[in-house]
Amino acid sequence: MVQTRVLSASHAKAPFEKTTIERRELRPHDILIDIKFSGICHSDIHSAYDEWGGGIFPMVPGHEIAGIVEAVGSDVTKFAVGDRVGVGCFVDSCGECEYCQRGDEQYCTKGVVQTYNSREYDGTPTYGGYSQKIVVTDRFVVSIPDKLEMDVASPLLCAGITTYSPLKHWNIGPGKKVAVIGVGGLGHLALQFARALGAEVTALSRSASKKDEALELGAHHYYSTEEADTFKELAGQFDLILNTVSANLNVDAYLSLLRVDGTLVNVGAPAEADQYHVFSLIMGRRSIAGSLVGGIAETQEMLDFAAEHGIAPKIEVIHAHQVDEAYERVLKSDVRYRFVIDIATLD
């Protein structure tokens with residue numbers, strides 16, 4: 001067994017404490033990773049506060065993990081000691097169902113094993129990246145390109161693939177018009193990916209305060225949704241609207257911005273249910289959809305694409321003792337745009 005220091009929450013909304021846990025001994029296909037950086041995702045907060053219910057405590061969050069291979073199992077051939085690697089939202093799946101076979105492990109019919117706040121198939125709880133070390137089966141480890149700094153790569157393991165995957169699934173490229181709702185932790189990456197894929201990109205945000213930054217990130221246009229004329233001016237324009245915010249919206253108003261056959265894709269997850277009128281769909285053959293991160297092969301594709309096109313999250317690196325404060329700041333939208341924990345400070 002491998003002992004490792006972690007940041008652990010003993011119960012819902014409890015402050016984080018430095019404790020020690022044991023990782024399993026290496027199986028033939030396992031990799032031991034020395035974690036260097038772990039990003040903070042809004043879903044970490046939802047989970048640690050048990051806002052979605054079913055929280056497994058004590059909890060060690062973190063599914064944006066960047067580190068160095070420290071040891072490999074006897075049957076591992078893809079990775080070697082010293083490699084730069086990442087781990088995202090999942091650490092196992094059945095590998096046999098139709099979705100696993102086609103590279104959509106996140107939709108595994110047996111139930112994908114999440115990086116934390118989940119259980120292995122033998123019932124063992126999973127503990128995430130707020131940790132010095134982690135053991136993961138090699139199928140769920142990706143390579144971090146040399147062009148990406150480790151701290152910058154960390155948020156791409158969730159925020160990056162969460163925004164890249166729907167853009168690819170809905171065939172976004174030249175000739176397509178895309179709107180991104182929210183210029184935050186997800187939205188600021190969505191703007192970069194959509195622009196690099198060749199789309200005409202519009203940023204939609206409540207205030208005008210992020211206009212200059214959104215344009216620098218790749219948006220061709222910027223509109224405040226608080227302005228009375230915005231929804232009239234943009235009616236019927238977009239092939240795809242990517243909703244990155246975790247708040248309830250006037251769904252009918254945003255559906256009115258879609259072209260015929262356009263789709264509103266949700267990657268943000270508000271706690272309360274949304275409402276809409278079905279005629280908002282019927283009158284334009286429009287669709288409402290959702291997307292859950294991406295498979296492992298697509299995550300590797302996303303990292304390579306980000307490295308090639310210079311796409312990177314804007315981050316603030318923090319010490320381990322600042323995580324509780326960082327959670328509070330995320331809830332106040334007081335971050336540009338992702339916190340990343342320097343795991344070297346977890347001692």
Side-chain angles (χ1 to χ4, degrees), residues 41-43 46 155 158-170 172 176-197 199-259 261-277 280-281 284 286-293 311 313-314 330-331 333 335-338:
C41 179
H42 203 140
S43 60
H46 287 305
C158 177
I161 186 61
T162 293
T163 50
Y164 179 82
S165 184
L167 294 172
K168 291 290 289 187
H169 181 78
W170 273 272
I172 295 306
K176 298 288 187 176
K177 291 187 175 183
V178 174
V180 176
I181 305 174
V183 184
L186 294 175
H188 88 289
L189 284 168
L191 295 175
Q192 296 179 69
F193 281 123
R195 177 64 178 257
L197 287 167
E200 182 178 336
V201 186
T202 297
L204 301 174
S205 185
R206 286 181 299 177
S207 71
S209 63
K210 296 181 180 179
K211 179 177 180 178
D212 291 343
E213 197 163 12
L215 296 176
E216 290 175 4
L217 288 165
H220 295 90
H221 316 286
Y222 185 98
Y223 287 86
S224 167
T225 55
E226 296 295 311
E227 297 292 332
D229 293 337
T230 291
F231 287 91
K232 292 181 181 179
E233 185 174 347
L234 299 179
Q237 287 201 15
F238 300 109
D239 299 285
L240 183 85
I241 299 175
L242 189 61
N243 176 20
T244 71
V245 302
S246 294
N248 295 102
L249 302 174
N250 183 339
V251 177
D252 294 298
Y254 285 95
L255 288 172
S256 74
L257 305 184
L258 291 170
R259 294 165 50 86
D261 293 326
T263 305
L264 170 64
V265 181
N266 295 282
V267 293
E272 301 297 326
D274 278 325
Q275 294 184 342
Y276 64 91
H277 293 285
S280 297
L281 303 176
R286 303 180 179 109
S287 302
I288 296 176
S291 179
L292 176 66
V293 291
I311 294 171
K314 291 182 177 292
V330 169
L331 295 175
S333 298
V335 56
R336 289 286 203 278
Y337 283 99
R338 305 288 290 197

Spell out, as yes or no, whether a donor-acceptor pair under 3.5 Å connects the side chain of Asp274 to the backbone of Val251. no
Measure from the side-chain N and O atoms of Thr162 to the backbone N and O of Cys158, and report whether any donor-acceptor pair falls under 3.5 Å. yes
Glu227 vs Glu233 side-chain heavy atoms within contact, under 4.5 Å: no
Donor-acceptor pair, Asp252 side chain versus His277 backbone, under 3.5 Å? yes
For Val293, is there any backbone N or O sitting under 3.5 Å from a side-chain donor or acceptor partner on Ser165? yes
Checking the side chain of Thr230 only, and the main-chain atoms of Glu226 only, is there a donor and an acceptor separated by less than 3.5 Å? no
Sidechain-backbone polar pair: Ser224 side chain, Arg206 backbone, donor-acceptor under 3.5 Å: yes
Ring geometry between His221 and Tyr223 (parallel below 30°, tilted from 30 to 60°, perpendicular above 60°): tilted
Which atom names give the shortest non-hydrogen contact between Tyr276 and Leu281, and what distance separates them? CE1-CD1, 3.5 Å
For the atom pair CG (Leu257) and NZ (Lys177), what is the distance rounded to the nearest 0.5 Å? 12.0 Å
Within the structure provided, determine whether Tyr222 and Asp212 are in side-chain contact (heavy-atom separation under 4.5 Å). no
CA sep, side-chain torsions, deciding dist, call: Leu240, Leu167, side chain to side chain contact (heavy atoms under 4.5 Å, CB included): CA-CA 8 Å; Leu240 183 85; Leu167 294 172; 3.8 Å; yes
First locate atom OG of Ser280, then atom CZ of Arg286, and finally report the distance between them rounded to the nearest 0.5 Å. 7.5 Å
Might you confirm whether atom CZ of Phe231 has over 12 heavy atoms from other residues, nucleotides or ligands at distances under 6.0 Å? yes
Quick one: do Leu197 and Lys168 satisfy side chain to side chain contact (heavy atoms under 4.5 Å, CB included)? Show the steps, please. CA-CA 9 Å; Leu197 287 167; Lys168 291 290 289 187; 4.1 Å; yes
Begin from the C-alpha positions of Tyr254 and Leu204 and carry the test side chain to side chain contact (heavy atoms under 4.5 Å, CB included) through to its verdict. CA-CA 10 Å; Tyr254 285 95; Leu204 301 174; 4.1 Å; yes
Without placing hydrogens or testing angles, list every side-chain donor-acceptor pair under 3.5 Å for residues 185-194, not counting sequence neighbours.
{"from": "His188", "atom 1": "ND1", "to": "Gly184", "atom 2": "O", "distance (Å)": "2.8"}
{"from": "His188", "atom 1": "ND1", "to": "Gly185", "atom 2": "O", "distance (Å)": "3.2"}
{"from": "His188", "atom 1": "NE2", "to": "Lys314", "atom 2": "N", "distance (Å)": "2.9"}
{"from": "Gln192", "atom 1": "OE1", "to": "Ala312", "atom 2": "N", "distance (Å)": "3.2"}
{"from": "Gln192", "atom 1": "NE2", "to": "His188", "atom 2": "O", "distance (Å)": "3.1"}
{"from": "Gln192", "atom 1": "NE2", "to": "Ala312", "atom 2": "O", "distance (Å)": "3.1"}

Between Cys41 and Arg338, does a side chain to side chain contact (heavy atoms under 4.5 Å, CB included) hold up when you go through it step by step? CA-CA 8 Å; Cys41 179; Arg338 305 288 290 197; 3.7 Å; yes
